[in-house]
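Worksheet: one structure, shown below.
Each residue takes its place number in the sequence, starting with 1. Keep in mind it's a predicted model, so treat the numbers as computed, not measured. Indexing begins at 1, ligand by ligand and atom by atom, following the structure's order.
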Amino acid sequence: MIAEILIFLVTTLLFYILFVYKKTHYFFEKKGLKYLPGIPMFGNMYHSTVGTKHYLEDLDVVYRAFPDEKYVGLIEGTSPIVLIRDPELIKTITVKDFDHFVNHKQFFDKDIDPLFGGSILMMKDDKWRDMRVTLSPAFTGSKMRLMMNFMSEVSHNITDYLKEHLSEEIHADDLVRRYTLDVIGSAGFGLQVNSLRDKNNEFFEIGMKLFTFDFQQKLAFFMSAECPQIAKLLGIRIFPPKVMNFFKDIITNTINYRKKNNVIRSDMIQLLMEASKGTLTDSSVDKNDVGFATTEEALKPRGDTREWTEDEIIGQVFVFFAAGFESVAGVITMCIHELALNHEVQEKLYQEILNHQQTNETLSYENVTQLKYLDCVVNESLRKWTGAIFMDRVCNKTYELPPPRKGGKPYLLRPGDVVYNMVNLIHMDEKYHPKPEVFDPDRFSDENKHKIQPFTFMPFGMGPRNCIASRFALLEIKVFIYDLVLNFKIAKSKNTSDPIRLHNNDFNIKAMGGTYVKFEPRSTQ
Ligand code: HEM
Ligand SMILES: *[C@@H]1O[C@H](CO)[C@@H](O)[C@H](O)[C@H]1NC(C)=O
Ligand SMILES: *[C@@H]1O[C@H](CO)[C@@H](O)[C@H](O)[C@H]1NC(C)=O
Ligand SMILES: *[C@@H]1O[C@H](CO)[C@@H](O)[C@H](O)[C@H]1NC(C)=O
Ligand SMILES: *[C@@H]1O[C@H](CO)[C@@H](O)[C@H](O)[C@H]1NC(C)=O
Ligand SMILES: CC(=O)N[C@H]1CO[C@H](CO)[C@@H](O)[C@@H]1O
Ligand SMILES: CC(=O)N[C@H]1CO[C@H](CO)[C@@H](O)[C@@H]1O
């Protein structure tokens with residue numbers, strides 16, 4: 001009897017899995033979309049789910065399978081997603097018809113993870129619009145000038161540390177994460193973290209915990225992405241309340257301290273405190289701006305201003321962790337790795353920086369944009385290694401995509417349908433960037449940059465929902481690379497991998513086996 005019930009249950013389950021598997025295929029076929037069948041339950045994401053390949057490598061297989069399609073079907077687990085591969089169409093979705101695609105896919109629910117879920121990243125529609133308009137003034141050029149001091153101080157401290165450890169093999173992944181974490185501590189939370197000297201710093205440890213998911217967290221993440229209702233019902237949380245409370249306490253204590261003692265420090269907490277009182281504005285145009293325009297230029301306030309609670313606004317400091325930690329750390333680490341492997345690029349960059357330093361002792365905000373080759377090196381690092389895998393957008397109003405190929409039929413997107421606008425894979429497509437594996441900053445030189453087709457280089461996303469902090473990120477990267485290249489020769493060590501391959505653990509951009517280099521003294525020292 002029990003055996004029969006078991007057989008019945010197993011058969012039902014198998015049929016159910018097969019049914020779900022076939023349903024997506026039928027769905028795409030009916031709509032005339034090309035797709036790869038994938039594996040039941042995993043869809044096209046089998047290898048990255050079981051951890052034998054990076055997420056990007058799974059996507060790459062689908063991206064390359066149909067070179068003549070403007071978009072194709074992607075099966076993520078059991079969900080059908082439209083993968084957009086045509087730059088022209090990406091422009092239409094992220095800029096021209098943005099009104100149909102305002103929101104990101106919901107990876108975190110506000111009720112499940114208040115810090116991630118309550119941040120601007122996950123906000124929707126008008127609420128997002130209002131928050132974006134409120135926060136944007138905190139990220140304009142003139143505010144970045146203030147942030148630069150915090151970055152430089154951390155960078156100098158790390159340079160000093162490295163001078164005491166010349167020619168030792170350094171684990172750059174760790175070093176760079178200490179830099180970005182210290183910068184977040186200082187520029188974001190008003191803390192002097194100094195995590196390189198104070199190795200067991202609590203802020204550093206808790207910050208790192210947010211990004212190294214253990215098995216339980218991976219499962220929770222999978223659940224809240226695949227079946228959010230069930231996850232919510234079960235009260236599944238990705239981050240333990242302890243972590244959440246740690247950050248909340250820091251923020252609350254800092255604010256209370258500042259209010260009580262009338263302390264003013266020009267960091268993000270300060271800017272956000274002003275924003276919550278509605279006194280933060282910025283209409284100045286800075287000719288030295290780097291990065292993409294933030295949204296206040298594109299989004300008009302809706303007139304009636306929303307009242308935010310201080311909690312709601314201050315919660316946005318956490319965005320530095322959610323969106324600004326791994327992304328920056330990944331690019332800087334890869335840039336260091338590339339410089340160690342590409343000797344000529346590093347020497348050319350060194351010459352530019354040395355020249356600058358000889359006339360101008362320290363790097364100032366005004367001078368950052370004048371370092372043209374540095375800009376090219378950073379952009380080339382972002383081309384190959386941006387953390388932006390795709391720009392996910394959820395369709396809000398029924399929308400007709402043009403036919404995927406000549407003679408095909410248009411595709412109708414319904415509210416709730418998800419599209420992924422590809423970023424890295426377009427950066428690495430030889431159709432747009434010849435010899436994409438080669439690290440060649442001269443792609444961005446004055447002579448060459450016009451050859452880069454629009455919407456084929458978009459490390460910070462595109463349109464009104466692009467990265468709010470691209471200026472902050474570019475500055476943070478440049479300040480550190482400037483100091484490193486000026487003071488040291490970044491050299492290969494025993495464990496430097498060449499060529500660089502992506503590790504296969506999760507979404508983050510890291511080199512397989514880690515990035516190890518030596519910082520050798522420059523002969524002038
Ligand atoms: C190299 C570093 C960074 C990269 C490559 C990067 C990339 C991106 C990308 C691709 C998006 C989505 C854009 C889209 O869908 O069109 C995004 C959004 C965002 N990023 Fe960044 N980012 C970086 C650093 C930062 C930093 C330092 C912060 C600090 C606050 C930050 C805050 C945000 C926020 C708040 C959003 C969401 C904006 C919205 O939904 O309105 N990012 N970023
Ligand atoms: C930099 O180092 C100095 C001296 O060790 C220290 O007082 C300061 O707090 C450090 N700055 C940061 C941002 O960690
Ligand atoms: C580098 O990229 C940034 C945005 O990421 C852009 O503003 C800048 O113009 C680019 N520089 C060059 C030389 O292409
Ligand atoms: C640095 O900036 C100042 C002020 O903008 C400018 O006069 C000077 O030429 C710059 N120096 C270099 C080396 O670019
Ligand atoms: C570097 O590689 C050697 C083997 O070649 C290994 O024994 C050593 O632990 C590695 N060093 C680090 C810091 O991982
Ligand atoms: C289906 C859906 O999400 N509809 C939303 C589209 O956007 C408007 C405002 O921007 C919302 O009010 C709808 O709920
Ligand atoms: C010699 C030189 O170029 N000095 C400049 C260094 O940068 C500052 C401002 O950032 C200028 O005021 C100097 O003229």
Side-chain angles (χ1 to χ4, degrees), residues 90 93-95 98 101-105 119-124 128-129 131-132 135-136 138-139 147 149-158 160-161 178-180 182-188 191-198 201 268 289-295 299 316-332 369 372-383 385-393 420-421 423-424 441-446 448-450 452 457-477 509:
I90 291 178
I93 291 173
T94 57
V95 178
F98 176 71
F101 300 96
V102 176
N103 302 325
H104 285 304
K105 185 177 163 184
S119 77
I120 183 174
L121 282 168
M122 287 295 116
M123 282 184 181
K124 291 182 182 156
W128 165 75
R129 215 175 278 267
M131 183 55 96
R132 181 92 189 199
L135 292 185
S136 284
F139 291 97
M147 296 295 145
N149 299 328
F150 304 129
M151 299 169 181
S152 298
E153 187 190 343
V154 174
S155 178
H156 294 159
N157 277 5
I158 295 192
D160 288 346
Y161 172 89
R178 289 180 193 273
Y179 168 68
T180 47
D182 283 13
V183 169
I184 293 174
S186 177
L191 294 175
Q192 305 275 298
V193 179
N194 223 350
S195 61
L196 209 56
R197 304 278 180 190
D198 179 8
N201 187 287
M268 276 293 157
D289 258 5
V290 285
F292 289 104
T294 45
T295 304
L299 282 183
Q316 306 306 319
V317 187
F318 187 73
V319 158
F320 277 88
F321 272 108
F325 175 56
E326 263 302 320
S327 52
V328 176
V331 171
I332 296 179
T369 38
K372 289 200 162 182
Y373 195 62
L374 178 61
D375 196 40
C376 297
V377 168
V378 169
N379 281 9
E380 180 67 347
S381 307
L382 283 162
R383 181 188 67 81
W385 307 111
T386 176
I389 292 174
F390 47 67
M391 299 174 263
D392 52 307
R393 297 285 188 274
Y420 285 175
N421 299 283
V423 176
N424 291 56
D442 283 325
R443 295 174 204 272
F444 294 93
S445 69
D446 285 341
N448 293 330
K449 68 191 279 193
H450 69 275
I452 299 174
F457 177 65
M458 38 202 172
F460 295 106
M462 283 295 188
R465 195 120 203 190
N466 70 354
C467 181
I468 198 173
S470 61
R471 292 174 175 116
F472 184 95
L474 286 169
L475 202 58
E476 188 181 355
I477 299 168
I509 303 289

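- Here Arg132 has side-chain heavy atoms under 4.0 Å from ligand 1, and that is the only part of it that gets that close.
- The shortest non-hydrogen separation linking Pro459 to Thr386 is O-OG1, 3.1 Å.
- Residue contact check: Ile120 has heavy atoms under 4.0 Å from atoms 35 (C), 40 (O), 41 (O) of ligand 1.
- Closest to atom 7 (O) of ligand 2, if we only count protein heavy atoms, is Asn194 ND2, 4.9 Å.
- At least one side-chain heavy atom of Glu153 sits less than 4.5 Å from a side-chain heavy atom of Gln192.
- Looking at Lys372, Lys449, Arg443 and measuring to atom 9 (O) of ligand 3, the nearest heavy atom belongs to Lys449.
- Less than 2.8 Å away from atom 21 (Fe) of ligand 1, the protein contributes these N/O/S atoms: Cys467 SG.
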What verdict does the side chain to side chain contact (heavy atoms under 4.5 Å, CB included) test give for Phe150 and Val183, after you've listed the backbone C-alpha separation in whole Å, the side-chain angles of each residue and the deciding distance to 0.1 Å? CA-CA 7 Å; Phe150 304 129; Val183 169; 5.8 Å; no
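- The closest non-hydrogen atom to atom 11 (N) of ligand 3, taken over Asn448, Leu374, Asp375, comes from Asp375.
- Only the side chain of His104 comes within contact range of ligand 1, with a heavy atom under 4.0 Å; no backbone atom does.
- Here CG of Asp182 is found 7.5 Å from CG of Leu196. Values are rounded to the nearest 0.5 Å.
- With hydrogens and angles ignored, the 3.5 Å screen pairs a side-chain donor or acceptor of Tyr179 with a backbone N or O of Glu476.
- Checking side-chain atoms of His104 against main-chain N and O of Asp392 turns up a donor-acceptor pair under 3.5 Å.
- Using modelled atom types and a 3.5 Å distance limit, the side chains of Ser195 and Asn201 yield no donor-acceptor pair.
- In terms of N/O distances under 3.5 Å, ligand 1 is not approached by Glu476.
- Residue Thr180 is tested with Val328, Val331, Val154, Ile477 for a side chain to side chain contact (heavy atoms under 4.5 Å, CB included); the sole match is Val328.
- Of the candidates Pro464, Gly387, Pro459, it is Pro459 that places a heavy atom closest to atom 7 (C) of ligand 1.
- Side-chain contact between Asn424 and Phe390: absent, with no pair of heavy atoms (C-beta onward) separated by less than 4.5 Å.
- Shortest contact from atom 35 (C) of ligand 1 to any protein heavy atom: Val319 CG1, 3.3 Å.
- For atom 1 (C) of ligand 2, the choice among Leu196, Ile158, Asn157 with the nearest heavy atom turns out to be Asn157.
- A distance-only check finds no donor-acceptor pair linking the side chain of Arg178 to the backbone of Arg197 [under 3.5 Å].
- The closest side-chain heavy-atom distance from Phe98 to Pro464 is below 4.5 Å.
- Polar contact check, Asp182 against ligand 2: no nitrogen or oxygen pair lies under 3.5 Å apart.
- The Arg465 neighbourhood of ligand 1 comprises atoms 13 (C), 14 (C), 15 (O), 16 (O), 39 (C), 40 (O), 41 (O), with distances under 4.0 Å to a heavy atom of that residue.
- If you number the atoms of ligand 1 from 1 as listed, the ones under 4.0 Å from a heavy atom of Met462 come out as 16 (O).
- Here the heavy atom of the protein found nearest to atom 16 (O) of ligand 1 is Arg393 NH2, 2.8 Å.
- Although no hydrogens or angles enter the test, the distance criterion places no donor-acceptor pair under 3.5 Å between the side chain of Arg443 and the main chain of Glu380.
- Numbered from 1 in the order shown, with element, the atoms of ligand 3 that lie under 4.0 Å from a heavy atom of Phe460 read 5 (O).
- Of all atoms in ligand 2, numbered sequentially from 1 with element shown, those under 4.0 Å from a heavy atom of Val154 are 13 (C).
- Of the candidates Leu382, Val378, Asn379, the one placing a heavy atom closest to atom 3 (C) of ligand 3 is Asn379.
- Listed by atom number, the atoms of ligand 3 under 4.0 Å from Phe457 heavy atoms are 2 (O).
- Two residues are said to be in side-chain contact when any heavy atoms from C-beta on lie closer than 4.5 Å; Trp128 and Met122 fail this criterion.
- Side-chain N or O atoms of Ser155 include none that pairs as donor or acceptor with a backbone N or O of Met151 at under 3.5 Å.
- A donor-acceptor pair under 3.5 Å is absent between the side-chain atoms of Asn421 and the main chain of Arg393, judged by distance alone.
- Close approach of ligand 2 to Glu153 (heavy-atom distance below 4.0 Å) involves ligand atoms 1 (C), 8 (C), 10 (C), 11 (N), 12 (C), 13 (C).
- When heavy-atom distances to ligand 1 are checked against a 4.0 Å cut-off, Thr386 comes that close only through its side chain, counted from C-beta outward.
- Side-chain atoms of Thr369 and Asp375, non-hydrogen and from C-beta on, never get closer than 4.5 Å to each other.
- Within ligand 1, the atoms closer than 4.0 Å to a non-hydrogen atom of Trp128 are 39 (C), 40 (O), 41 (O), numbered from 1 in the order shown.
- For atom 37 (C) of ligand 1, the choice among Asn424, Val95, Leu121 with the nearest heavy atom turns out to be Leu121.
- Taking the six-membered ring where the residue is Trp, Phe320 and Phe472 present perpendicular rings, their angle passing 60° and hence far from 30°.
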